[in-house]
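All remarks here apply to the structure that follows.
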Amino acid sequence: MRKILFVFSLFLSLSLILACSDDDNSDPKLSFGRPIYILKAAEPLAVELIVSEPVTEEIKVPFMIDGSAVLDEDYTISAKEFVLHPGDWIDTVWVTPKENVIGQREIRLSLQEVPRYRLWNNRWAIIPVETKDIFTCSFSQTTMDLKSEVVVSMKLTVGGVDYMYKREELRVPFEIDPASTAVEGEHYEIVGGGRELIMGIQKATADVTIRFLKKEVGKDKVIIRLVEGGLFEGGTNTSVTINVNGPTLYEDFVGTWVSPTFISGDFIKGMVWGHPTDCDNLPVNNLSTDRIVFTAGATNTLNVDGVQGDLAKYLRNCEVVYIGEEPEQLWDQDAYGIKRDVVTLELSKANVNYSVTNVAERKAIVLVRLLNKGKVLEFRIVDYEPTDFLTGTYYDETHPGWGEPKEYPMRELYPLVFRFNKVE
C-alpha cells in the first residue's frame, strides 16, 4: 500500500511540475514536499515546505489544519506556519503522534496564500495516521499489605501477548480511589509523588512504590485504580487494595509454630541446570508434629527441641536478633519476581551445611514473613552451604564466570522455603 501511495505521489508531482513548466509567471513557488505523508504510530513525522528558489527576506507561510484526526488528542504539531529566512529554500514542521488509537483518521494541511509567491503543485498534504496498540492492564494482585515499602506491579498485554522487556519506557496512569481511608502524606506516600506506574527499559512489569508513614485505626486502606482510556484498557484486575499495616515487629513472631511444609522444591528444580542429581536429597521430610517456638525477653530466642524432621539438620536452639524489614524479590512466588516485605532475623547458631554428617555451625540469617492475617509463618532459609544436595549448584553460584560471588549465593534462586501454622 505504501509503495502504491509513493508511486502515485511521484506521478502526481511530476505531472504538476511539467504542467507548471509552461507557465511564464516568474513568481517563486511554494509547495509541500509531497502530497501524501504517513504518520507512523510512534514516530514523529517531518513535513517540508519547499520554495522554488532561495528567499531573499524572511517570509512566513501559514497553513490550515483539518481532517478527521484530532489535534492534541491524536497528534501534536510543532508550528502552524513555516518560516523561511534569507537564503532558505526549505523549512520543516514536525507532527508527533499522541494517543492515536482510533483507526481511519487523517490530517489535512493546506498552504495559505503569501504575497509575491505562488502556491505550486503540492498545496495540500494528506497525512493518514497509523494507530497505536492498546494496552490491556491488570494489577498483579488485588490486595497487598504495606509494612515499610511495597512495590505495586501491573502486567500488560497487547493483543493477548505479554508486553515486556522493551527498549523504551512506558507509563501507565492511575488514581487513588475516593473510597480509600488512608491519607496520602500522612499514612503513606507514593515514592516519586506521581500518579503513574512505570515500566522501565527491559522490565517485565509497570511498578510504583508505596511507603509507610503512620498507622491509624480506621485509616488503613489505599485503593489504587487504573485510569482507563486512550492507550490503556482494564484487564482482570483494574484496582488493588493496600492495607496500611505498618512494620512487622519481632513480637509478631512470638509463639509456637507447627507443621512445616516445604513449598519451594518445584521452583528450585526448575532453576537447577547441568547437575542431574542436585535435587535428589532436598529437605522434603518434615513432620506435622515439628514445632518451633519464638520467645521474647531480655534475649529473644528460638527453641527447636520439637523439630524431628529435615529442618533439624539446619536449626539449632539459639538467640535471635531482629535486623529489619525491607522489600525482597521473591522469584519463587511469581515468575515476574514480585517484591514483598520480609523480616531478616539473625540466628546465633545454625548448621549451614544442612546435614547430619557435615556440621558447620555459625551465625546465619533467615527471612521470615507473616501471611493469612498472622496465622501462617513463612520461613526462608537463604544462608546455607549445602553438602547433601545442590552441591553442584552451590559451587556454580560461589564460582561465577565473572565478578565476585554474592554475599548469600543461594538467596535469590534457591531459597528453602517453609510455611508453619500458628498454634492458637
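Keep in mind it's a predicted model, so treat the numbers as computed, not measured. The residues of the chain are indexed from 1 along the displayed sequence.
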**Prompt:** Do the charged groups of Lys147 and Glu328 touch, with an N to O distance under 4.0 Å?
**Reply:** no
**Prompt:** Just by distance, do the side chain of Asp91 and the backbone of Leu49 share a donor-acceptor pair under 3.5 Å?
**Reply:** no
**Message:** Less than 4.5 Å apart, side chain to side chain, heavy atoms only: is that true for Asn353 and Lys313?
**Reply:** no
**Prompt:** Where do Pro327 and Asp341 come nearest, in terms of heavy atoms and distance?
**Reply:** N-OD1, 3.5 Å
**Request:** Give a yes or no on this: more than 12 heavy atoms of other residues, nucleotides or ligands lie within 6.0 Å of atom CD of Glu404.
**Result:** no
**Message:** So that I can tick it off, tell me whether Asp305 and Arg316 are bridged by a salt bridge, with the cut-off set at under 4.0 angstrom between side-chain N and carboxylate O.
**Reply:** no
**Message:** Looking at every non-hydrogen atom in both residues, tell me the closest pair between Lys422 and Gly374 and how far apart they are.
**Reply:** CD-O, 3.8 Å
**Request:** Describe, in one word, how the ring planes of Phe82 and Phe32 are oriented to each other, choosing from parallel (under 30°), tilted (30 to 60°) and perpendicular (over 60°).
**Result:** perpendicular
**Asked** Which pairs pass side chain to side chain donor-acceptor pair (under 3.5 Å) with one or both residues in residues 252-272, sequence neighbours excluded?
**Response** none
**Request:** State plainly whether the residues Lys214 and Glu189 are in salt-bridge range, i.e. N to O under 4.0 Å.
**Result:** no
**Asked** Do Glu397 and Arg411 touch side chain to side chain, with heavy atoms closer than 4.5 Å?
**Response** no
**Message:** Given 3.5 Å as the limit, does a donor-acceptor pair link the side chain of Asn237 with the main chain of Ser138, or not?
**Reply:** no
**Request:** Indicate yes or no: at least one non-hydrogen side-chain atom of Val101 is less than 4.5 angstrom from one of Phe135.
**Result:** no
**Side chain to side chain, Val47 and Thr92, heavy atoms closer than 4.5 Å** = no
**Asked** Which heavy atom in Glu99 sits nearest to a heavy atom in Asp74, and how many Å separate them?
**Response** O-OD1, 3.8 Å
**Complete:** Note: Asp388 and Ser355 closest approach over all heavy atoms is OD2-OG, 2.9 Å
**Tyr188 ring center within less than 6.0 Å of Phe212 ring center** = no
**Asked** Under 3.5 Å, side chain of Thr238 to main-chain N/O of Leu226, donor-acceptor pair present?
**Response** no
**Check ion pair Lys406-Glu412 (N to O, under 4.0 angstrom)** = yes
**Message:** Ignoring hydrogens and geometry beyond distance, is a side-chain donor-acceptor pair present between Tyr37 and Glu106 at under 3.5 Å?
**Reply:** no
**Message:** Checking side-chain polar atoms at under 3.5 Å, does Thr248 have a donor or acceptor matched by the opposite partner on Glu325?
**Reply:** yes
**Item:** Qualifying ring pair (Phe, Tyr, Trp, His ring centres under 6.0 Å) pairs with a residue from residues 275-321, counting only residues at least two apart or across chains
**Value:** Tyr314-Tyr354
